[in-house]
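Below is one structure, written out as structure tokens; comments come after it.
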There are 2 protein chains.
Amino acid sequence: MNNEGINLKAKTPLKFSTTTLVDQVEEKLLEYIRDNRLTPGDTLPNETLLSENMGISRNVIREAMSRLRMLGIIQSRTKKGITVVEPPLLTGLEKVTNPYLFSIRTIQDIMEMRIALEIGIVDFIFNNCTADDIDDLKKIVEQGQTYEDNHWPVELEKAFHQRIYEIAGNPFITQFQNIVHIIFEFAKTHYDSLFKPINETLKKQGKLVTHEDLYLFIRNGDRAGYSQAIKGHLSLYLDFMKKAEDTEDRTDN
Amino acid sequence: MNNEGINLKAKTPLKFSTTTLVDQVEEKLLEYIRDNRLTPGDTLPNETLLSENMGISRNVIREAMSRLRMLGIIQSRTKKGITVVEPPLLTGLEKVTNPYLFSIRTIQDIMEMRIALEIGIVDFIFNNCTADDIDDLKKIVEQGQTYEDNHWPVELEKAFHQRIYEIAGNPFITQFQNIVHIIFEFAKTHYDSLFKPINETLKKQGKLVTHEDLYLFIRNGDRAGYSQAIKGHLSLYLDFMKKAEDTEDRTDN
DNA sequence: AAATGTTATTTGTACTACAAATATACGGAA
DNA sequence: TTCCGTATATTTGTAGTACAAATAACATTT
């Protein structure tokens, strides 16, 4: 794989440019990797060479490299140089996921996406589910029987759903849900006053779907029943999202 | 918001550390933002101050900052310093999404996740769908009628599904699907020999679900029908994924 | 008071220097 | 010869200095 073709900063003084030199180098590097169809194991020119070729300070090259390194696209090793590797998909998502940085609208959209995934994996769950899976779910449900209705401690609730993602068997979905889980915790603790009445209403209407209900549907192989139930189980959040739109307070301290 | 509390590199010489100093500073900064519950608009200490406080070269601080800047967590402005902003969710995903970097297994998992989302938004679609949406879909389907069966040009196929995501109304799902679309294109062009026979088989069995079929289910408000159909429509990919497991050639050049 | 000019601060880029790691080459011993 | 240890050279990681450009805050003038 040749190391030429990266040529930036010819004569243009790029003042008043909205993007910095680092941004441009980063883009060039990504472009280089894509256009040359580099695959894991291939190497990039070393920093000093790039610096000379592009006529750009090594500092700037390093900043751009540092970004790709953070995303897991490249790895650097002394004397060996820089090699391309297979990056994890969701590193960036993990780093930016911080409820305090998000608007309520964003939080709603994230919750909605999680719900879509939870509904979308129903078939995977029933196709892959084993007796061991059911056993594990049963144990979790039994642990939760001391708590009434939907008021499980967050850790137990997380364990239950996480176990279900495992059954579905898609690592990215599992990881995604784990990452955004903190958003749900945040919403519940910060908008408790909105959740409580919704929960009460659902309970009165007999629409409250407990984790045990979900478990039973899985155990009984009732795909349609589970599908309906999971929607009901998560409708709590859907209702919350509608209500949250009215109360746009950010609960700063 | 106070600017203290970031204290790194006390006396520990951190040699033989697997993580670099930049990694640690990045982590410290994210930690600082989280722990102090900074919200968009809040400011971070400027680079020189951080450099002095932490006893770390400004270069290193800048590299870490550069990473957060890339993710959209912070913005820097001359003289004003560094301010926290609401980051986009999927910047990282977008940057790492490059089919040539992914193993077949990863590609499979991504495709599966896309399919899960496509199935999971069925309810959203039917809840939100308007007459205009149906009109637009109709136009796309009409454009596609010159092509037989599933052999739409990628752009048209993309437009159709993208329009459906728009109906569902979740910006992150739309964005996610757009980002990973390139993976599907890649799979189709690189594993055409696998797709063709699957398509033929489906056609013979009369199980081939065309985009027009999908459109009609939406137009007729047939939620269950659409749900079934979209699964059939995407089963092409599910079958592909099973087959791809056997042929682990990476088609390098 | 408004407009204009000045100053000081902060980021962006460039450059140098050196420590640490390590792949490679080299050399000696079995 | 082959194997093992050592030396060398290369490359990344970190530190530090310098300066240009932008701009917020302040000062001055009209």
Side-chain angles (χ1 to χ4, degrees), chain A residues 1 3 6-29 41-70 72-85, chain B residues 1 3 6-29 41-70 72-85:
Chain A
M1 195 64 65
N3 287 339
I6 300 188
N7 202 338
L8 194 53
K9 190 191 176 190
K11 293 271 165 48
T12 53
L14 61 83
K15 309 301 171 188
F16 305 114
S17 166
T18 129
T19 66
T20 68
L21 209 44
V22 177
D23 291 332
Q24 298 173 51
V25 172
E26 179 208 323
E27 186 50 43
K28 281 283 173 196
L29 289 173
D42 289 339
T43 62
L44 257 52
N46 66 47
E47 296 172 357
T48 47
L49 191 62
L50 278 176
S51 176
E52 287 165 12
N53 281 359
M54 304 171 81
I56 291 176
S57 152
R58 193 179 148 221
N59 259 337
V60 172
I61 307 286
R62 274 192 64 80
E63 266 191 47
M65 289 281 196
S66 190
R67 294 175 174 187
L68 303 198
R69 201 158 34 239
M70 180 203 63
I73 297 174
I74 59 174
Q75 277 181 355
S76 307
R77 273 176 56 193
T78 314
K79 174 83 186 202
K80 195 177 182 186
I82 294 143
T83 60
V84 175
V85 295
Chain B
M1 195 65 65
N3 287 337
I6 301 189
N7 202 337
L8 194 54
K9 190 190 177 190
K11 293 272 164 46
T12 52
L14 58 83
K15 308 304 171 190
F16 303 112
S17 165
T18 130
T19 66
T20 68
L21 209 43
V22 176
D23 291 333
Q24 298 173 51
V25 173
E26 179 208 321
E27 186 49 44
K28 279 286 173 198
L29 288 173
D42 289 340
T43 63
L44 256 55
N46 66 46
E47 296 172 356
T48 47
L49 191 63
L50 277 176
S51 175
E52 288 164 11
N53 280 1
M54 303 171 82
I56 292 177
S57 153
R58 190 175 152 226
N59 263 336
V60 172
I61 307 286
R62 275 191 63 79
E63 264 191 48
M65 289 282 195
S66 190
R67 295 175 173 185
L68 303 197
R69 201 160 31 241
M70 180 204 63
I73 297 174
I74 60 175
Q75 277 181 355
S76 307
R77 273 175 56 193
T78 316
K79 174 83 189 201
K80 196 177 182 184
I82 293 143
T83 60
V84 175
V85 294

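In what follows, every chain begins at residue 1, and chains take the letters A, B, ... in the order their sequences are listed. Side-chain atoms are counted along with the backbone in the values below, which use heavy atoms only and exclude waters and symmetry mates.
You'll find the side chain of A:Val22 reaches within 4.5 Å of the side chain of B:Ser66, heavy atoms only. At a threshold of 4.5 Å between non-hydrogen side-chain atoms, the residues A:Leu29 and A:Leu50 count as touching. Taking 4.5 Å as the limit, some side-chain heavy atom of B:Ile82 sits within range of a side-chain heavy atom of B:Glu47.
When all heavy atoms of B:Leu49 and B:Asn46 are compared, the pair lying nearest together is N-OD1, 2.9 Å. Minimum heavy-atom separation, A:Ser57 to A:Ser51: C-OG, 3.7 Å. Of all heavy-atom pairs spanning A:Gly72 and A:Val85, the tightest one is O-CG2, 3.1 Å.
Atoms CD and CG, from B:Gln24 and B:Leu21 in turn, are 5.5 Å apart once rounded to the nearest 0.5 Å.
In this entry the distance linking CG of A:Leu50 with P of C:dT13 reads 16 Å, nearest Å. A:Met54 places its CE atom 12 Å from the P atom of C:dT13, with the value rounded to the nearest Å. With rounding to whole Å, B:Arg58 atom CZ is found 15 Å from C:dT9 atom P. To the nearest angstrom, C1' of D:dA20 lies 14 Å from CG of A:Leu21. Rounded to whole Å, the distance from CG on A:Leu44 to C1' on D:dT12 is 14 Å. B:Gln75 has its CD atom 16 Å from the C1' atom of C:dG12, to the nearest Å.
Ranking C:dT11, D:dA15, D:dT12 by closeness to the B:Glu47 side chain, first place goes to C:dT11. Side-chain proximity of B:Asn46 to C:dA14, C:dT11, C:dT13: nearest is C:dT11.
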Under 3.5 Å between N/O atoms: give me all the protein pairs with nucleotides 4-9 of chain D, atom names plus distance.
from  : atom 1 : to      : atom 2 : distance (Å)
D:dA9 : N3     : A:Lys79 : NZ     : 3.3

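Using a 4.0 Å cutoff on non-hydrogen atoms, the parts of residues 59-68 of chain A near DNA chain C are A:Asn59, A:Val60, ordered by number.
No option in B:Glu63, B:Met70, B:Met65 other than B:Glu63 meets the side chain to side chain contact (heavy atoms under 4.5 Å, CB included) test with A:Glu63.
For A:Arg77 and D:dG13, the shortest distance from a side-chain N or O to OP1 or OP2 is not below 4.0 Å. The side chain of A:Arg69 contributes an N or O atom lying less than 4.0 Å from OP1 or OP2 of D:dG13.
Take the nearest nucleotide of DNA chain C for A:Thr78 and for B:Lys80: the residue whose nucleotide is more 5' is B:Lys80.
For the helix from C:dA1-D:dT30 to C:dA30-D:dT1, the end axes, each set by the C1' atoms of five terminal pairs, are bent relative to each other by 0° (nearest 10°).
Partners of A:Asp23 according to the side chain to side chain donor-acceptor pair (under 3.5 Å) rule, which considers only residues two or more places apart in sequence or in another chain, are A:Thr20, A:Arg67. Listed by chain and residue number, nothing satisfies the salt bridge (Lys or Arg N to Asp or Glu O under 4.0 Å) test with B:Glu52 (two or more places apart in sequence, or in another chain).
Applying the side chain to side chain donor-acceptor pair (under 3.5 Å) test to pairs two or more places apart or on separate chains, those with a residue in residues 73-83 of chain A are A:Arg69-A:Ser76.
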